[in-house]
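Worksheet: the structure to be examined is printed underneath.
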Amino acid sequence: MLDIRSLTIDFPGPDGRRRVVDDVSLSLGPGETLGIVGESGSGKSLLSLATIGLLPRTARVSGSIRFEGRELLGLAERDLQRIRGARISMIFQEPMTALNPAMTAGAQIAEGIRLHRRASRREARAEALALMELVRIPDPARRIDSYPHEMSGGQRQRVGIAIALALRPRLIIADEPTTALDVTVQKEVLDILDELVREMGLSLVLISHDLGVIARMADRVHVMRRGRTMEEGETAAVLRNPASAYTRELLDAMPRRARRGFHIAPAAGGEVSR
Ligand SMILES: Nc1ncnc2c1ncn2[C@@H]1O[C@H](COP(=O)(O)OP(=O)(O)OP(=O)(O)O)[C@@H](O)[C@H]1O
Ligand SMILES: [Mg+2]
């Protein structure tokens, strides 16, 4: 599905180049959820932007990003546009900035459906409504005509998920999708995302600085720091027995209650800290 090899990203700076992603390799199979965790500035967002071809122009990239057998690095913008949204879509941290404040929720969900699938206005609206039900937005028949500022943070992020699902992609990259939400809403949104991704058999790259979120959601985890891979592996195994001192630090920094059970985590396939 996704296979990233030796990805390196530099930015030219006043004192030469600054390497912000350094020789990172990772792969993700169909239906799999991969968590990427690491402190601020570790290169998580740049890694995901590289995957959808949205790096800043100043970035210098090398390595390889293969998706469904096709090399994405160096692909023409037209081809990338066809993949973006339709095959790979993204969910961003702050739905208020990711959404268009001047468009209703329904219109934003329907937009991609109309463009990519040449659906009629009515068909696209009907599908937007179905998607709003799917992500459990309360009273969708009314909410479809609401503007982002008329919705709660959790509802806005559900709209973000509906937009990401609208074109039936195979891979979703979610960059800190619940960081801006309070804890209860965060759990609801993660549950919905988890459920839909599994039902639809989608692959998910979930980026978070919160190991608790990764523990709940990810089959495998990739730990990053300052652009480098610290360790990676099956989530339960990494949390039970972290190989790198940095992962141990992240674990130790977690609130006690959230951490409970990690070091004595159940066997693979069992539930971790739910
Ligand atoms: N356009 C840019 N030009 C130069 N440096 C950049 C640019 N964008 C990001 N960086 C640098 O690259 C590094 C990695 O940034 P990135 O946004 O990927 O981190 P992150 O892991 O997503 O952090 P956070 O958890 O805060 O979102 C940072 O040190 C950042 O300052
Ligand atoms: Mg980031």
Side-chain angles (χ1 to χ4, degrees), residues 2 4-26 28 33-65 72-73 77 80 84 88-99 153 156-157 160-161 164 171-183 186 189-190 193 204-218 220-232 235 238 244-247 249-255 258:
L2 179 68
I4 297 180
R5 289 290 127 210
S6 302
L7 187 75
T8 296
I9 304 174
D10 294 308
F11 282 107
D15 39 340
R17 284 184 173 193
R18 211 158 79 77
R19 184 146 292 184
V20 289
V21 171
D22 191 358
D23 196 21
V24 170
S25 298
L26 57 87
L28 175 67
T33 293
L34 173 71
I36 300 182
V37 69
E39 67 200 13
S40 183
S42 50
K44 308 182 297 295
S45 293
L46 289 173
L47 188 66
S48 62
L49 290 174
T51 307
I52 50 167
L54 287 180
L55 278 178
R57 274 176 204 289
T58 48
R60 295 274 164 277
V61 199
S62 68
S64 158
I65 302 177
L72 297 188
L73 281 188
E77 180 56 28
L80 277 170
R84 222 180 277 144
I88 306 177
S89 64
M90 268 203 84
I91 300 171
F92 294 96
Q93 173 168 347
E94 221 331 307
M96 199 56 198
T97 51
L99 296 178
R156 283 198 288 265
Q157 196 54 301
I161 296 173
L171 168 67
I172 294 186
I173 302 175
D175 190 353
E176 306 268 8
T178 57
T179 306
L181 306 174
D182 72 49
V183 181
Q186 175 170 349
V189 171
L190 287 174
L193 187 61
L204 174 68
V205 175
L206 178 68
I207 297 174
S208 180
H209 63 275
D210 184 343
L211 211 45
V213 168
I214 300 288
R216 281 188 46 200
M217 301 276 292
R220 286 191 303 125
V221 61
H222 195 98
V223 183
M224 284 181 71
R225 183 185 211 186
R226 298 193 192 125
R228 296 217 176 94
T229 300
M230 293 292 111
E231 74 175 290
E232 61 139 357
T235 309
V238 167
S244 99
Y246 178 60
T247 312
E249 260 174 54
L250 286 179
L251 270 169
D252 290 342
M254 283 176 72

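One-based numbering, in listed order, for ligands and for the atoms of each. It should be emphasised that the depicted structure is a prediction, and the values quoted were computed from it without experimental measurement.
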### Message
Quick test: of every protein heavy atom, which one is nearest to atom 26 (O) of ligand 1, and how far off is it to 0.1 Å?
### Response
S40 OG, 2.5 Å
### Task
Identify which protein N/O/S atoms are less than 2.8 Å from the Mg ion (ligand 2).
S45 OG
#### Entry: A215 backbone acceptor or donor facing T235 side chain under 3.5 Å
no
### Test of proximity, S45 against ligand 1: N or O pairs below 3.5 Å
yes
## Note on the structure
Sequence neighbours excluded, the answer for side-chain contact (heavy atoms from CB on, under 4.5 Å) partners of V238 is V221, E231, T247
### Task
Answer with yes or no whether R226 contacts ligand 1, where contact means a heavy atom under 4.0 Å from a ligand atom.
no
### Query
Do D23 and S6 have side-chain heavy atoms sitting under 4.5 Å apart?
yes
### Message
Applying salt bridge (charged side-chain N to carboxylate O under 4.0 Å, His left out) as the test, list every pair that has at least one member in residues 36-51; sequence neighbours left out.
### Response
E39-R225
### Query
When you measure from atom 25 (O) of ligand 1 to every protein heavy atom, which one gives the shortest distance, and what is it?
K44 NZ, 2.7 Å
### Query
Quick check: does G41 get an N/O under 3.5 Å from an N/O on ligand 1?
yes
### Query
With backbone taken as N, CA, C and O and side chain as the heavy atoms from C-beta onward, which portion of V20 lies under 4.0 Å from ligand 1: side chain, backbone, both, or neither?
side chain
### Message
Would G43 count as being in polar contact with ligand 1, using the rule that some N or O on each side must be under 3.5 angstrom apart?
### Response
yes
### Message
Looking at non-hydrogen atoms alone, which of L46, L49, L47 comes nearest to atom 15 (O) of ligand 1?
### Response
L46
### Query
Heavy atoms, side chains only, cut-off 4.5 Å: are H222 and V205 in contact?
no
### Message
I want to know if ligand 1 touches F11 in the polar sense, i.e. an N/O pair below 3.5 angstrom.
### Response
no
### Query
Does even one non-hydrogen atom of S42 get within less than 4.0 Å of ligand 1?
yes
### Task
For atom 31 (O) of ligand 1, find the nearest protein heavy atom and state the residue, atom name and distance (0.1 Å precision).
R18 NH2, 3.3 Å
### Message
Starting from atom 1 (N) of ligand 1, what is the nearest protein heavy atom, named by residue and atom, and what distance separates them?
### Response
P56 CG, 3.5 Å
#### Entry: Validation row: Q157, P177 side chains within 4.5 angstrom (heavy atoms)
yes
### Query
Is there side-chain contact between I65 and L2, with heavy atoms separated by less than 4.5 Å?
yes
#### Entry: Partners passing side-chain contact (heavy atoms from CB on, under 4.5 Å) against A180 (at least two apart in sequence or in another chain)
E94
### Task
Apply side chain to side chain contact (heavy atoms under 4.5 Å, CB included) to the pair R228 and M230, showing each step before the final yes or no.
CA-CA 6 Å; R228 296 217 176 94; M230 293 292 111; 3.9 Å; yes
#### Entry: Sub-4.5 Å side-chain heavy-atom contact between L7 and L73
yes
### Query
Near R84 CZ, under 6.0 Å, is it more than 12 heavy atoms from other residues, nucleotides or ligands?
yes
### Task
With heavy atoms only and a cut-off of under 4.0 Å, state how H209 meets ligand 1: side chain, backbone, both or neither.
neither
### Message
Exactly one of I172, L80, L72 should register a side chain to side chain contact (heavy atoms under 4.5 Å, CB included) with I88. Which one does?
### Response
L72
